[in-house]
Amino acid sequence: MAAGYTALYRKWRPGTFEDVKGQDHIVTTLKNQIRTGRIGHAYLFCGTRGTGKTTIAKIFARAVNCEQPAEGNPCGECAACRSIAAGNSVNVVEIDAASNNGVDNIREIRDEVQYSPADGKYRVYIIDEVHMLSTGAFNALLKTLEEPPSYVIFILATTEVHKIPVTVLSRCQRYDFRRITGDTITDRLSEMAAAEDIDAEEKALRYIAKKGDGSMRDAISLFDQCVAFHYGEQLTYEKVMEVLGAVDNEVFSNLLRNVAQGDTVRSLRLVEEIVLQGRELTQFVLDFTWYMRNLLLLEASGEEDSLDMTAEDLCRLREEAKLLDGATLMRYIRIFSELSNQMRYAAGKRVLLELAVIRLTKPQMEENLDSVLQRLKELEKRLDQGDFSLPQRQRPAEESSRDGNAREAVGEEMPKEQAVVLPKAQYEDLKLIGEKWKQIVRDIGGANGPALLGVRVEPFGEGSLMLGFLDENHYLIGSRESVLLELEAYVRANFEREITFKARLLTAGEERDTRYISEEELKDKIHMDIITEND
């Protein structure tokens, strides 16, 4: 963009109270105070970021010093208004408490307030992030708040009001800034788009407003980012999703339906698609949790007005409300809420997400109450449908081993080991990978390592090897195309061999009764049963 470009959130910062959106309850009160002259000496503005705390503080500072205020608004034309707007007035002091939080900083203010303003009516001190002040600084500020000169006004702004001492709170007029609604933010973005000659779809603006999460500044910054990425083009919903690394609600719907059906494979494939599209996984988890929250509200109360969604999304949500009960949804939300906290500092975010999806589809993996209740409901559903068969349970490898030892102890005949003769090339590939497998897993496994470590490597025709997984969950992780391609690339780079990898899930109780030998070993093993494998 051109040199000297001003960010939209700064360019469109409100200059009068009328321009402020979404805080009418505060604007009306402050305008009335200015009109009637009933101005306080200390104000506390609290609320989430980007809701207008500093903006209103600056407008208020101009209004109380304005030479010709109109209905509580600064005129914007007088010398005082122009000086304050340009940041040149000595009567309005902005302090960032995050970097000026010591006792000495507040003592400087206490010394300055002894002198009345050279011009204008009031000295206004705007202290942003006031909760960052030290205990000593708060004590120093308290003294000034108790007995302030008539010409001094303090405006304290904070996002964490619970950190403000009660002694300070009791000496301030408190104003709680509300989160701004999606409709209000959308209207503001539409106004900006028209004024800046930006062609933007309403659906795109509505999504940006939603991502602003109640913060006008955040939404405008996201809008600015999307416009910059697609400068000179129409800003469509798809382009916004691409820039913000976000996922469409249709994807959440597909994932939820597959999870509800217990389809682990399809659910993991959807996760794979999200990863390949380059979506930000932490944001994906937050958005999917919010999607399930909307579904829970709809299922529990039937109330749709509180859900900020399109008619198409609401229609999908109504269908999904019939698939899941509230207890199951709360279990899903709990798992993904825990996942959100884990992913904040994790390196292997993808694996954590995949494990969480597996837990959603397999409540038997958990032993807490809500998962047990879900399993009971699934069992009741199967019984109602006339299915009286017991669920299949895969036996761990050590269980199969114990069964083999038991059969041997009672004299039951054990399966006879068979030798399979492999062509030289196949045998060399199998031997190389089998001997180097632990090293391969250590070098590329990372978070996938536990799933790959216990596999059985088998021949699968010329130039191919089969990975046999004993555990279904490990199979779901290790059989992904991206994992198999990574193995092939590693073998190509380190061993200069072209080997294709496949994967299969070993059946319950499948015995390791096969030994692979080369044709050269055939003579030494002639006393065994020989099976020659065709190319």
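- Using a distance-only test at 3.5 Å, with no hydrogens or angles considered, a donor-acceptor pair links the side chain of His41 to the main chain of Leu145.
- Annotation: side chain of Glu201 is not in contact with side chain of Lys239 (no heavy-atom distance under 4.5 Å).
- Under a 3.5 Å cut-off, the side chain of Thr144 and the backbone N or O of Arg110 do not form any donor-acceptor pair.
- Minimum interatomic distance between Ala219 and Ala209 (heavy atoms only, all atoms of both residues): CB-CA, 4.4 Å.
- In this structure, Leu205 and Ala200 approach most closely via the heavy-atom pair CD2-CB, 3.9 Å.
- Ser267 and Asp263 make their closest contact through OG-O, 2.8 Å (heavy atoms, listed as atom of the first residue, atom of the second, distance).
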Could you walk me through whether Ile477 and Val483 pass side-chain contact (heavy atoms from CB on, under 4.5 Å), step by step?
-> CA-CA 8 Å; Ile477 294 173; Val483 175; 5.5 Å; no

side-chain contact (heavy atoms from CB on, under 4.5 Å) assessment of Asn91 paired with Ile84 | CA-CA 8 Å; Asn91 291 336; Ile84 295 172; 5.9 Å; no

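- The closest side-chain heavy-atom distance from Glu77 to Cys81 is not below 4.5 Å.
- Taking the side chain as every heavy atom from C-beta outward, Ile333 and Thr289 approach each other to under 4.5 Å.
- The side-chain hydrogen bond (donor to acceptor under 3.5 Å, both in side chains) search around Ser89 returns none, not counting sequence neighbours.
- Atoms CD and OG, from Glu202 and Ser190 in turn, are 6.5 Å apart once rounded to the nearest 0.5 Å.
- Rounding to the nearest 0.5 Å gives a distance of 11.5 Å between CD1 of Ile109 and CG of Asp104.
- For the side chain to side chain contact (heavy atoms under 4.5 Å, CB included) with Pro14, the qualifying choice from Ile56, Val27, Asp19 is Asp19, the only one to do so.
- Taking the six-membered ring where the residue is Trp, Phe252 and Phe284 present tilted rings, their angle falling between 30° and 60°.
- Ion pairing between a basic and an acidic side chain is recognised when a charged N comes within 4.0 Å of a carboxylate O; Arg174 and Asp176 show such pairing.
- Within the structure, no pair that satisfies the ring pair (Phe, Tyr, Trp, His ring centres under 6.0 Å) test touches residues 80-109, not counting sequence neighbours.
- Partners of Glu94 by salt bridge (charged side-chain N to carboxylate O under 4.0 Å, His left out), not counting sequence neighbours, listed by chain and number: Lys58.
- Partners of Asn32 under the side-chain hydrogen bond (donor to acceptor under 3.5 Å, both in side chains) rule, at least two apart in sequence or in another chain, are Arg35.
- Checked by atom type, the side-chain pair Arg171/Thr167 shows no donor-acceptor distance below 3.5 Å.
- No side-chain donor-acceptor contact under 3.5 Å links Thr51 and Gln23.
- Side-chain contact between Leu30 and Ile59 is absent, with no heavy-atom pair separated by less than 4.5 Å.
- A distance of 11.5 Å separates OG of Ser340 from CG of Leu353, quoted to the nearest 0.5 Å.
- Judged by distance alone, with hydrogens and angles left aside, the side-chain atoms of Asp224 form no donor-acceptor pair with the main-chain N or O of Ala7 at under 3.5 Å.
- Minimum interatomic distance between Ala157 and Lys53 (heavy atoms only, all atoms of both residues): CB-CB, 4.4 Å.
- For the pair Tyr291/Leu317, a side-chain contact is recorded, criterion being any heavy-atom separation below 4.5 Å from C-beta on.
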Check the pair Met292, Leu256 against side-chain contact (heavy atoms from CB on, under 4.5 Å), reporting the backbone distance first and the verdict last.
-> CA-CA 8 Å; Met292 293 189 290; Leu256 188 68; 4.1 Å; yes

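- By the ring pair (Phe, Tyr, Trp, His ring centres under 6.0 Å) test, Phe177 pairs with Phe45, sequence neighbours left out.
- The CH2 atom of Trp12 sits 6.5 Å away from atom CE of Met192, with the distance rounded to the nearest 0.5 Å.
- Because its NZ or CZ atom is both nearer than 6.0 Å to the ring centre of Tyr237 and within 45° of the ring axis, Lys203 counts as a cation-pi partner of that residue.
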Give the intermediate values and the outcome of side chain to side chain donor-acceptor pair (under 3.5 Å) for residues Thr184 and Arg188.
-> CA-CA 6 Å; Thr184 301; Arg188 184 63 167 172; over 6 Å; no

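- Summarising the geometry of Ile39 relative to Phe60, their closest heavy-atom pair is CG2-CZ, 4.0 Å, with the distance given to 0.1 Å.
- The list of side-chain hydrogen bond (donor to acceptor under 3.5 Å, both in side chains) pairs with a residue in residues 59-73, not counting sequence neighbours, reads Glu18-Asn73.
- Gln173 is linked by a side-chain contact (heavy atoms from CB on, under 4.5 Å) to Gln33, Tyr43, Tyr175, counting only residues two or more places apart in sequence or in another chain.
- In this structure, Lys31 and Thr16 have side chains that are not in contact, with every pair of non-hydrogen atoms separated by 4.5 Å or more.
- Residues passing the side-chain contact (heavy atoms from CB on, under 4.5 Å) test with Gln225, sequence neighbours excluded: Leu222, Val243, Leu244.
- Between Cys226 and Ile208, the shortest heavy-atom distance links the atoms SG-CD1, 4.3 Å.
- By the 4.0 Å N-to-carboxylate-O rule, Arg266 lies too far from Glu272 to be salt-bridged with it.
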Verdict with reasoning, Leu296 to Tyr332, per side-chain contact (heavy atoms from CB on, under 4.5 Å) = CA-CA 10 Å; Leu296 180 62; Tyr332 289 177; over 6 Å; no

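- Remark: side-chain polar atoms of Ser83 are not paired, donor with acceptor, to backbone N or O of Ala79 under 3.5 angstrom.
- The pair Arg331-Asp325 fails the salt-bridge criterion, with no side-chain N (NZ, NE, NH1 or NH2) lying under 4.0 Å from an Asp/Glu carboxylate O.
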For residues 123-131, tabulate all N or O donor-acceptor pairs below 3.5 Å that involve a side-chain atom, not counting sequence neighbours.
residue : atom : partner : partner atom : Å
Arg123  : NE   : Tyr115  : O            : 2.9
Tyr125  : OH   : Glu112  : OE1          : 3.0
His131  : ND1  : Thr158  : OG1          : 2.8

I'd like a table of donor-acceptor pairs (distance under 3.5 Å, sequence neighbours excluded) in which one partner is a side-chain atom from residues 134-142, with atom names and distances.
residue : atom : partner : partner atom : Å
Ser134  : OG   : Asn101  : O            : 3.1
Ser134  : OG   : Ala137  : N            : 3.2
Asn139  : ND2  : Thr135  : O            : 3.3

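- Annotation: salt bridge (charged side-chain N to carboxylate O under 4.0 Å, His left out) contacts of Asp111 (sequence neighbours excluded): none.
- Between Glu273 and Arg269, none of the side-chain N atoms (NZ, or NE/NH1/NH2) sits under 4.0 Å from a carboxylate O, so this pair counts as no salt bridge.
- Separation of atoms CZ (Arg350) and CD1 (Ile274) is listed at 11.5 Å; rounding is to 0.5 Å.
- Without hydrogens or angle criteria, Thr361 side chain to Ile358 main chain gives a donor-acceptor distance under 3.5 Å.
- Listed by chain and number, the residues in a side-chain hydrogen bond (donor to acceptor under 3.5 Å, both in side chains) with Glu147 amount to none (sequence neighbours excluded).
- For the atom pair Ile106 CD1 and Leu133 CG, the distance stands at 5.0 Å (nearest 0.5 Å).
- Using a 4.0 Å cut-off between a side-chain N of Lys or Arg and a carboxylate O of Asp or Glu, Arg179 and Asp213 qualify as a salt bridge.
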